[in-house]
Protein chains: 2
Amino acid sequence: MRRSATTSLGYALLGILLHKPSSGYEVRKIFSETPMGSFSDSPGAIYPALARLEERKLVRGSVDRGPGLRERKILRLTAAGRRDLRGWLTAPIERADVVSRMGELMLRFSFLDEGAGPAATLQFLQSLAAELQAYLPSVRAYFKNHAHEMPMSARLALASGVMGYEARLRWVKHAVSEYRKA
Amino acid sequence: MRRSATTSLGYALLGILLHKPSSGYEVRKIFSETPMGSFSDSPGAIYPALARLEERKLVRGSVDRGPGLRERKILRLTAAGRRDLRGWLTAPIERADVVSRMGELMLRFSFLDEGAGPAATLQFLQSLAAELQAYLPSVRAYFKNHAHEMPMSARLALASGVMGYEARLRWVKHAVSEYRKA
DNA sequence: AGTATCATGTAAGAGGTTACATGATTTT
DNA sequence: AAAATCATGTAACCTCTTACATGATACT
């Protein structure tokens, strides 16, 4: 019974706080006002998640009383927080990540530069390209073998999935070349 | 305190069972062996979910004892189940669906033909195209205004999101034309 | 005889959703 | 004075994850 690991939301918070130490309220605004991440901006999700990070000493809070505002708690990463984030960012990419956690992979990628540096970012992209290339044939094969027996909307939905993986792979290659330039 | 509605997993199960009445075990295999849906195939998720559907009388089970196999419980939709599924399938598409529940929209789409017929499917696609077209400018604007202040990996991740919406829109238009042919 | 597959569940714990609660400060 | 926004939280409920439990049948 290993003690529970940091969740996806936890890492999203760590990534945001690494970029810029913020209050819970500011993080909520990021979730509600920017297109990045599909996390809930509800206080019932965010404040308990921040409290867990604090309990585990991954972030530390300091009270800030700006000019004429209600006081707010600014959270920033500890050394342990940076380590935990970095561990998540640089974890090996597996088939299961590509199949059912692509959103989390993109979240990781968006933090990679700041959290682990350009070498790790490039490594991530190459590894992602490899996994996509390995996975794509099996989806294409599934499509080929089953498309004819599916209702039209199901077939089109599956085709959309295949196209999504292909588009992602093209994007990865584009990102690699952008990265090499810099 | 309204009694809790059917979940995404619940609707995935209803859609699968409408297509073909099945046992919990068969459904698990669908989740583990086909690229469709990113649902867990764990018994701890599926059996309780099926039990909830049965409690609510959306599905009914009948014991099947095939030739020389352990007996299994085949579940099929009731009239109430077909109604509930149809209500979900034909619900209006909102901004929030496009922003953070695209996976659920595609799941809905894949069941639409069988669950609500071709007219509803076409209506769904047109409505999705409209929402995408309305949403895209705001993401593009966000990208234009914030890309320069973001780390490279974050910028590339956001660009990937924009490209994803654009690709999805092209796919919707393609799907509409496929549908009109039939 | 032993391992793999078929088949259905339960229990404990963690985390998210929805709704409620509270109060300070700023804008109209 | 009222409404909006800033700001932080809690409580009840529900669902999912992980792990365990059980037993039948098929394959080697």
(request) Could you label the plane-to-plane angle of the B/Phe31 and B/Phe39 rings as parallel, tilted or perpendicular, counting under 30° as parallel and over 60° as perpendicular? (result)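 Answer is tilted, since the angle falls between 30° and 60°.
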(message) Less than 4.0 angstrom between a side-chain N/O of A/Tyr25 and OP1 or OP2 of D/dC6, yes or no?
(response)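 For A/Tyr25, the contact criterion (side-chain N or O under 4.0 Å from OP1 or OP2 of D/dC6) is met.
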(request) Send over the distance from A/Ile46 CD1 to D/dT10 P, rounded to a whole Å. (result)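 Checked: the CD1 to P distance equals 15 Å.
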(message) Is the phosphate of C/dG16 approached by A/Ser42 (side-chain N or O, under 4.0 Å from OP1 or OP2)?
(response)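 It does not, given that no N or O in the side chain of A/Ser42 lies less than 4.0 Å from OP1 or OP2 of C/dG16.
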(message) Given the structure, check if the side chain of B/Arg70 and the base of D/dG23 hold any donor-acceptor pair shorter than 3.5 Å.
(response)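 For B/Arg70, whose side chain was compared with the base of D/dG23, there is a donor-acceptor pair (under 3.5 Å).
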(message) On DNA chain C, compare the nucleotides closest to A/Pro43 and B/Ala45; which residue's is nearer the 5' end?
(response)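 It is B/Ala45, whose closest nucleotide lies nearer the 5' terminus.
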(message) So which atom in A/Ile46 and which in A/Gly24 form the shortest heavy-atom distance, rounded to 0.1 Å?
(response)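 Closest approach of A/Ile46 to A/Gly24: CG2-O, 4.3 Å.
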(request) Please say which of B/Leu75, B/Ile74, B/Leu17, B/Ile16 ends up in a side chain to side chain contact (heavy atoms under 4.5 Å, CB included) with B/Glu26. (result)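 It is B/Ile74; the other options fail the test.
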(message) Can you tell whether the side chains of A/Arg155 and B/Glu178 come within less than 4.0 Å, N to carboxylate O?
(response)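 Between B/Glu178 and A/Arg155 there is no salt bridge, as every charged N stays at least 4.0 Å from the carboxylate O atoms.
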(message) By the 4.0 Å heavy-atom rule, please label B/Arg52 as base, sugar-phosphate, or nothing.
(response)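 Answer is sugar-phosphate: B/Arg52 comes under 4.0 Å of backbone atoms only.
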(message) Can you tell me if A/Ser40 touches the phosphate of C/dT17, counting only side-chain N or O atoms and a distance under 4.0 Å to OP1 or OP2?
(response)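 For C/dT17, OP1 or OP2 has a side-chain N or O of A/Ser40 closer than 4.0 Å.
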(message) I need the CG-P distance between A/Asp41 and D/dT8, as an integer number of Å.
(response)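 A/Asp41 atom CG is separated from D/dT8 atom P by 14 Å.
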(request) Check every strand shown and say whether B/Gly24 touches a base, only sugar-phosphate, or nothing at a heavy-atom separation below 4.0 Å. (result)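 The residue B/Gly24 makes sugar-phosphate contact but no base contact.
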(request) May I have the distance from A/Arg101 (atom CZ) to D/dC16 (atom C1'), rounded to whole angstrom? (result)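 Atom-to-atom, A/Arg101 to D/dC16, this comes out as 14 Å.
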(message) It should be established whether B/Tyr47 places a side-chain nitrogen or oxygen under 4.0 Å from OP1 or OP2 of nucleotide C/dT8.
(response)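 Yes, within the criterion.
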(message) Please tell me whether B/Arg52 and B/Thr6 have a donor and an acceptor in their side chains that are separated by less than 3.5 angstrom.
(response)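 Absent: no donor and acceptor within the cut-off.
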(request) Take atom CD of A/Glu26 and atom C1' of D/dA7, then tell me their distance rounded to the nearest Å. (result)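 Distance check: A/Glu26 CD to D/dA7 C1' gives 11 Å.
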(request) Starting at atom CZ of A/Arg28, determine the distance to atom C1' of C/dT17, rounded to an integer number of angstrom. (result)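 So the CZ-C1' distance, A/Arg28 to C/dT17, works out to 13 Å.
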(message) I want to check one thing: is the phosphate of D/dG23, taken as OP1 and OP2, less than 4.0 Å away from some side-chain N or O of B/Arg72?
(response)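 No, outside the criterion.
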